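Down below is the structure, laid out as structure tokens.
Sequence lines set the chain letters: A, B, ... in the order given, protein chains first and strands last, and positions in each chain run from 1. Computed from a predicted structure; not experimentally measured.
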Amino acid sequence: MTDSNPQSPDLHGTGARTQNNFLRDIIAEDVRTRKYGDAQIQTRFPPEPNGYLHIGHAKAICIDFGLADEFGGKTNLRFDDTNPEKEEQEYVDSIQKDVRWLGFQWERLCYASDYFPQLYEWALQLVKTGKAYVDDLSADEIRQHRGTLTEPGKDSPYRTRSIEENLDLFIRMKQGDFPDGSRVLRAKIDMASPNINMRDPVMYRILHASHQRTGDQWCIYPMYDYAHGQSDSIERVTHSMCTLEFADHQPLYRWYIEQLGIFPTQQIEFDRLNITYTLLSKRKLLQLVSEKRVSAWDDPRMPTLCGLRRRGFTPEAIRAFCAAIGASRTNGSTDIEMLEHFQRDDLNRRASRAMAVLHPLKLVIDNYPADKAEFMEVANNPEDPSAGTRQVPFSRELYIEQDDFRELPPPKYYRLSPGKEVRLRNAYFITAQSVVKDSAGNIVEVHCTYDPASRGGNSPDGRKVKSTMHWVSAAHAISAEIRLYDKLFLKPDPSDVEEGQDVLSNLNPNSVEILTGAKLEPSLANARPGDRFQFERVGYFCLDPDSTPANLVFNRTLPLKDSWAKEAGRQQKGSK
RNA sequence: UGGGCGAUCGUCUAAUGGUAGGACAAUGCCCUUUGGAGGCAUUUGUCCAGGUUCGAAUCCUGGUCGCCCAGCCA
């Protein structure tokens, strides 16, 4: 951090420094010049309740809530519920839950539907001042009249209707005199505008649909473009942050606000979040769910907040990630490693350690008494002494990881092999002596001897070992189901598909692997759903809600970084 | 080929006419009772061409490339 690169303080207790960005600059300047007088900074997070929130929304939430908070302002949660055909209460509920889980509290809970009466009054006003008209053209005809990107549109034949007729027709639209799709209310702006959004945009459509909040009270519904800017204005939102694709709509929002003479909210657009190997489109995520390519919205492979939560991700890590990526107006794609880094960083500091053997291999200590068992004192988190210690049982027969033994060790393999001495973490030094194989030649047991003087993991003679391995006592171990998750998509850009294919063709067929024979240290029997652990030398895991005392289920949040895997990969590559 | 927006290490992002910096990733070394974590070091960048200026990532001109817009979706 240098003087020429000032950064904001650590705002959310995430430990991550927040990058300066142009949004903060704009707000800071508006505060400095007292653009809004004594009024506080007001922002809003405006989701449509038509799906579950994902990590892309987390970025927007952190911007909307974070920036307001930084300048002593407030943020409303507003549901942009103007399309009853796609919206559901289930989504309204999940969105509130996810925003809270992320760690934010809204000032007011609002709904665009709360403004339907006001919006209707304003529409009446625009009709009366000749700024809006009822169009009888069909959707198809309206499209044909709209022109193209390079050609201007043509006026609708109904554009010159009298104010009286427009008023009568619009009122009757609202009364339910007409069927769906028969007419719309349009703003009278400019069919030749180079900005297509200004070519007499539709304000209201007839929809005899029941709305999740207003029921059958309305049969005309405002378009998003007619509702959004005014909703911001009603809430006296000072800074309305949204994604880049809405930049073209700004002139329209301003037009409505000017015609109506209401509070002018300032809209500022920033770039949408993209992450490699990840799909961030509500429509496509809905497709994954409805076509059962994943188990549900909260499938741990989903980038939804509920999916990430179930996977074991923490709100602190997601906030730190969002702070680190900042915001700009550049289209790009953030490496998934960045997200994973902040999650590992958080869990490394906070997660309790435990020993778990995913692929068990029996280890027998020949010179350890068969009837003996002792308890080893083990640190719950070496990064955090205040996390305390626990007692872990040790006995003659243990399980170790299959990967931790090689009869013929490759170069730079430091783990157990015949004649080699290693340390069992927090226990003893052992030396491999022999193996037992089944009829197929598979190693089913490794026999070793231990050094009783090395209890706790150090030899009094100062002898060093190259490797430390985790273990669980066979007699005391508990079993669990382990779900190993990997990337849902094969390509960095999932939408990079062959002609005629869709994103589903890029689905990773091995995005989940279920292990049923894992052996865990007994303390893990007390875990509760949502509890997160680091299984030492393996990765971060989280107890799944599917878990029962009789069948524990752990989700792998992320594997630990594994420099041996990298070395082994290098060796394999080199030998080809 | 209309309009809008943009282009800085491999990736994300700072520098607002004055030393191109940080994070992720990568590489090497050190350390380690997790081949984890940590420490140190290193590599890589201003889209191109002109111009203005003592000085340009920043300002100007002209290109190039990318994204968004033709829902009665949001």
| task | Just call it for A:Ser193: base, sugar-phosphate, or nothing, with non-hydrogen atoms closer than 4.0 Å on any strand. | result | nothing

| request: Compare the minimum distances between each of B:U34, B:G36, B:C72 and the side chain of A:Arg537, then state the nucleotide with the smallest one. | output: B:U34

| How far, in whole Å, is B:U1 from B:C59 if one measures between their P atoms? | 25 Å

| Pairwise distance CD1(A:Ile220) to CG(A:Leu207) - rounded to 0.5 angstrom | 10.5 Å

| task | In whole angstrom, give me the gap between the P atoms of B:U46 and B:G10. | result | 8 Å

| Looking for any heavy atom pair under 4.0 Å, which part of the strands does A:Leu424 touch: base, sugar-phosphate only, or nothing? | nothing

| message | How many whole angstroms separate atom CD1 of A:Ile325 from atom P of B:C12? | response | 11 Å

| message | Categorize A:His249 for me: base, sugar-phosphate, or nothing, with a 4.0 angstrom heavy-atom threshold over every strand shown. | response | base

| said: Suppose we define a pair by two distances each less than 3.5 Å, Watson-Crick or G-U wobble; what does B:C5 pair with here? | reply: B:G66

| message | Heavy atoms from C-beta onward define the side chain here; which of B:G35, B:C12, B:A74 lies closest to that of A:Trp564? | response | B:G35

| message | What's A:Asn83 touching, base or sugar-phosphate or nothing? Going by heavy atoms closer than 4.0 Å. | response | sugar-phosphate

| Proximal nucleotide (of B:U1, B:G36, B:A25) relative to the A:His341 side chain | B:A25

| said: Can you identify which nucleotide, out of B:G35, B:G71, B:U34, has its nearest atom closest to the A:Pro382 side chain? | reply: B:U34

| Does the base of B:G3 carry an N or O that pairs as donor and acceptor with the side chain of A:Asp248 under 3.5 Å? | yes

| request: Compute both the distance and the angle, then confirm whether A:Lys282 meets the cation-pi test with A:Tyr52: under 6.0 Å from the six-membered ring centre, within 45 degrees of the axis. | output: no

| field | Nearest to side-chain heavy atoms of A:Glu87, which nucleotide of B:C72, B:A74, B:G2 | value | B:A74

| said: If you only use heavy atoms from C-beta on, which nucleotide in B:G6, B:G35, B:G4 is closest to the side chain of A:Thr330? | reply: B:G6

| field | A:Arg213, CZ atom: more than 12 neighbouring heavy atoms under 6.0 Å | value | yes

| message | Output the rounded distance in Å from NZ (A:Lys59) to P (B:C12). | response | 11 Å

| said: Within the 4.0 Å heavy-atom criterion, would you say A:Leu137 contacts the bases, only the backbone, or no part of the nucleic acid? | reply: base

| said: Taking B:U11 as the reference, what is the distance to B:U43 when you measure between their C1' atoms (whole Å, please)? | reply: 15 Å

| request: Assign A:Glu269 to base, sugar-phosphate, or nothing according to its heavy-atom contacts below 4.0 angstrom with the strands shown. | output: nothing

| Base, sugar-phosphate, or nothing: which does A:Met223 touch, judged by heavy atoms less than 4.0 Å apart? | sugar-phosphate

| field | Residue pair A:Leu358 / A:Phe541: nearest heavy atoms and the distance that separates them | value | CD2-CZ, 4.2 Å

| query | Expressed as a whole number of Å, how far does the P atom of B:C72 sit from that of B:G63? | reply | 35 Å

| message | Can you identify which nucleotide, out of B:A74, B:C72, B:C5, has its nearest atom closest to the A:Arg329 side chain? | response | B:C5

| Base, sugar-phosphate, or nothing: which does A:Thr334 touch, judged by heavy atoms less than 4.0 Å apart? | sugar-phosphate

| Rounding to the closest angstrom, what is the interatomic distance between B:U34 and B:U42 at atom C1'? | 27 Å

| said: Let's test this: given Watson-Crick or G-U wobble pairing with both distances under 3.5 Å, identify the partner of B:G17. | reply: none

| Aromatic rings A:Phe246 and A:His249: how do their planes relate, parallel, tilted or perpendicular, breaks at 30° and 60°? | perpendicular

| message | Which is more 5' along RNA chain B, the nucleotide nearest A:Asp136 or the one nearest A:Asn197? Just name the residue. | response | A:Asn197

| said: On RNA chain B, compare the nucleotides closest to A:Asn331 and A:Ser328; which residue's is nearer the 5' end? | reply: A:Ser328

| request: Tell me, please, whether A:Phe429 has A:Arg423 positioned over its six-membered ring: NZ or CZ under 6.0 Å from the ring centre and within 45 degrees of its axis? | output: no

| Nearest-angstrom distance from the residue atom OH of A:Tyr540 to P of B:U34 | 13 Å

| Pair A:Tyr133 + A:Phe170: ring centers closer than 6.0 Å | no

| request: State the pairing partner of B:U61; accept Watson-Crick or G-U wobble contacts with both distances under 3.5 Å, and report none otherwise. | output: B:A49

| request: State the pairing partner of B:C24; accept Watson-Crick or G-U wobble contacts with both distances under 3.5 Å, and report none otherwise. | output: B:G10

| remark: side chain to side chain contact (heavy atoms under 4.5 Å, CB included) test vs A:Ile400 passes for just one of A:His359, A:Met469, A:Arg415, namely A:Met469

| request: Would you classify A:Gly181 as touching base, sugar-phosphate or nothing, given that sugar-phosphate means primed atoms plus P, OP1 and OP2, and contacts are heavy atoms under 4.0 Å? | output: base

| field | Which nucleotide in B:U8, B:A70, B:C68 has an atom nearest any side-chain atom of A:Glu245 | value | B:C68

| said: Base, sugar-phosphate or nothing for A:Phe535? Non-hydrogen atoms, less than 4.0 Å. | reply: nothing

| said: Any base atoms under 4.0 Å from A:Arg143, or only sugar-phosphate, or nothing? Heavy atoms, all strands. | reply: sugar-phosphate

| Between A:Asp200 and A:Lys188, is there a salt bridge with N-O shorter than 4.0 Å? | no

| field | Inter-nucleotide P distance (B:G36, B:A25), Å rounded | value | 13 Å

| message | Regarding A:Asp80, tell me which of base, sugar-phosphate or nothing describes its non-hydrogen contacts under 4.0 Å with the strands shown. | response | sugar-phosphate

| message | Suppose you measure atom P in B:U27 against the same atom in B:A20; what distance do you get, rounded to whole Å? | response | 29 Å

| Between B:A74 atom C1' and A:Arg205 atom CZ, what is the distance in whole Å? | 9 Å

| How would you label the contact of A:Val202 with the nucleic acid (heavy atoms, under 4.0 Å): base, sugar-phosphate, or nothing? | sugar-phosphate

| task | Anything under 30° is parallel, anything over 60° is perpendicular, the rest tilted; go ahead and classify A:Phe554 against A:Phe535. | result | perpendicular

| note | Against the side chain of A:Thr150, the closest entry in B:C24, B:G2, B:U16 is B:G2

Anything under 3.5 Å between a protein N or O and an N or O of nucleotides 26-28 of chain B, put it in a table, one pair a line.
residue: B:A26; atom: OP1; partner: A:Lys566; partner atom: NZ; Å: 3.3
residue: B:U27; atom: OP2; partner: A:Lys566; partner atom: NZ; Å: 3.1

| In whole angstrom, what separates A:Asp271's CG from B:A7's P? | 11 Å

| query | Taking 4.0 angstrom as the limit, do A:Asp271 and A:Arg329 come out as a salt bridge? | reply | no

| said: Check this for me, if you would: do A:Arg78 and A:Asp114 make a salt bridge, where the nitrogen-to-carboxylate-oxygen distance has to be below 4.0 angstrom? | reply: no

| request: Using a 4.0 Å heavy-atom cut-off across all strands, classify A:Arg423 as base, sugar-phosphate, or nothing. | output: base

| field | Watson-Crick or G-U wobble partner of B:G38, both distances under 3.5 Å | value | B:C30

| query | For the pair made of CZ in A:Phe321 and C1' in B:G22, what is the distance, rounded to whole Å? | reply | 16 Å

| note | Testing B:C68, B:G35, B:U34 for proximity to the side chain of A:Gln534, the answer is B:U34

| request: Whole angstrom is fine here: how far is it from CD in A:Glu337 over to P in B:C24? | output: 12 Å

| task | Nearest whole angstrom, please: distance from the C1' of B:A70 to the NZ of A:Lys154. | result | 13 Å

| Partner of B:G71 by Watson-Crick or G-U wobble geometry, both contacts under 3.5 Å, or none? | none

